[in-house]
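Taking it in order: structure first as structure tokens, then the write-up.
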Amino acid sequence: MAIGVNSLGFIAVAQVLALAGVVMVLVWCIHFMGGLAWEATDKSLIFNIHPVLMLIGLVIIGGEAIMTYKALPLKKELKKVIHMVLHAIALVLGIIGIYAAFKYHNESSIANLYSLHSWLGIGIITLYGIQWIYGFLIFLFPGGSSAVRSETVPWHIVLGLIIFSLAVGNAAIGLLEKLTFLESASLAKFGAEAYLVNFTAVVTVLYGVFVVFSVLSQPVVVVEEEAAYTAL
């Protein structure tokens with residue numbers, strides 16, 4: 001299904017939102033939360049790696065990977081490679097981000113996997129990995145038959161959007177969860193940091209919406225006869 005609107009506007013707005021999201025999460029974790037560190041006496045600095053990598057990795061770079069087919073005026077094969085590389089980067093950053101959360105919990109004597117956010121996170125990163133491996137083997141190397149590719153590409157696209165949407169939603173849940181903890185520990189509910197975290201979640205959700213709209217709209221430039229995503 002595609003809506004009769006060119007994707008350029010959706011993609012442009014998504015880029016602005018992506019930049020805003022990166023700036024906002026970095027300002028929050030570096031300015032308000034004290035910075036990022038893999039080894040530190042203050043264990044919260046280890047945790048700060050988690051929201052930065054999850055937002056920049058799974059959500060933003062993952063979203064950029066999805067939009068490559070509509071945004072880049074390149075040959076389909078080259079767009080396919082860029083799509084897979086960006087998703088691989090997103091997956092690696094996501095895995096490191098999740099490991100950072102476990103590292104923070106373990107070094108702070110906090111239980112792991114007790115929240116909905118953590119349960120969804122493990123499920124999402126697992127699905128993301130399976131989706132990437134399937135895409136690599138079937139659509140890139142060694143590559144499935146043309147019949148297999150044509151029959152499974154609609155499912156690949158739909159499942160990709162579902163996984164991406166889950167990642168966006170879980171990022172918003174995670175921001176809410178952390179903000180709730182901070183407010184319980186005396187953070188001002190109407191202070192600058194609270195507003196920043198809430199607006200970061202809003203920007204994250206809006207970015208996800210515009211990524212989905214870009215997929216459902218018409219490509220910016222059609223280089224080949226086939227529509228974008230056909231015969232991946």
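Nothing here was measured: the structure is a model prediction, and the numbers come from that model. Heads up: numbering here begins at 1 and tracks the sequence.
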For residues [X] and [Y]: do they belong to one hydrophobic cluster (side chain heavy atoms under 4.5 Å, members Ile, Leu, Val, Met, Phe, Trp, Tyr)?
X	Y	result
Y104	L45	no
V23	Y207	yes
I133	F141	yes
V16	V212	no
I130	F136	no

In terms of relative ring orientation, are F210 and F10 parallel, tilted or perpendicular, with 30° and 60° separating the classes?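 Judged by the thresholds at 30° and 60°, the geometry between F210 and F10 is tilted.
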
Quick one: [atom1] on [X] to [atom2] on [Y], what's the gap to the nearest 0.5 Å?
X	Y	atom1	atom2	value
F181	L176	CZ	CG	9.5 Å
M24	L175	CE	CG	9.5 Å
K189	L179	NZ	CG	9.0 Å
I56	I89	CD1	CD1	12.5 Å
N112	H105	CG	NE2	6.0 Å
W38	I49	CH2	CD1	5.5 Å

M54 and V59: CA distance, side-chain angles, deciding distance, side chain to side chain contact (heavy atoms under 4.5 Å, CB included) verdict: CA-CA 7 Å; M54 300 312 290; V59 175; over 6 Å; no

Close side-chain approach of [X] and [Y], heavy atoms under 4.5 Å:
X	Y	result
K103	K43	no
L74	I82	yes
I125	L58	yes
I163	I124	yes
N170	L166	no
V13	F213	no
L86	I66	no

Walk me through it: do L161 and V158 pass the test side chain to side chain contact (heavy atoms under 4.5 Å, CB included)? CA-CA 5 Å; L161 287 177; V158 170; 5.9 Å; no

Shortest non-hydrogen contact from [X] toward [Y]:
X	Y	result
V5	S217	O-CB, 3.0 Å
A172	V205	CB-CG2, 4.1 Å
A40	I46	N-CD1, 4.3 Å
H50	A100	N-CB, 4.3 Å
S214	S7	O-CB, 3.6 Å
V215	K70	O-NZ, 2.5 Å

Tell me whether N48 contacts the main-chain N or O of G35 through its side chain, where contact means a donor paired with an acceptor under 3.5 Å.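 At least one qualifying donor-acceptor pair exists.
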
Kindly say whether F102 contributes a backbone atom to a donor-acceptor pair with the side chain of N106 at under 3.5 angstrom? yes

Please lay out, stage by stage, how T152 and Y134 fare under the test side chain to side chain contact (heavy atoms under 4.5 Å, CB included). CA-CA 10 Å; T152 60; Y134 182 85; 3.2 Å; yes

Cationic tip of K178 above F47 ring, under 6.0 Å, 45° of axis: yes

Considering residues at least two apart in sequence or located in another chain, which fulfil the side-chain hydrogen bond (donor to acceptor under 3.5 Å, both in side chains) criterion with H87? Y128

Under 3.5 Å donor-acceptor pairs involving side-chain atoms of residues 191-204, not counting sequence neighbours:
residue: E193; atom: OE2; partner: W28; partner atom: NE1; Å: 2.9
residue: N198; atom: ND2; partner: A194; partner atom: O; Å: 3.4
residue: T200; atom: OG1; partner: L196; partner atom: O; Å: 2.7
residue: T204; atom: OG1; partner: T200; partner atom: O; Å: 2.8

Do the ring centers of F139 and H156 come within less than 6.0 Å of each other? yes

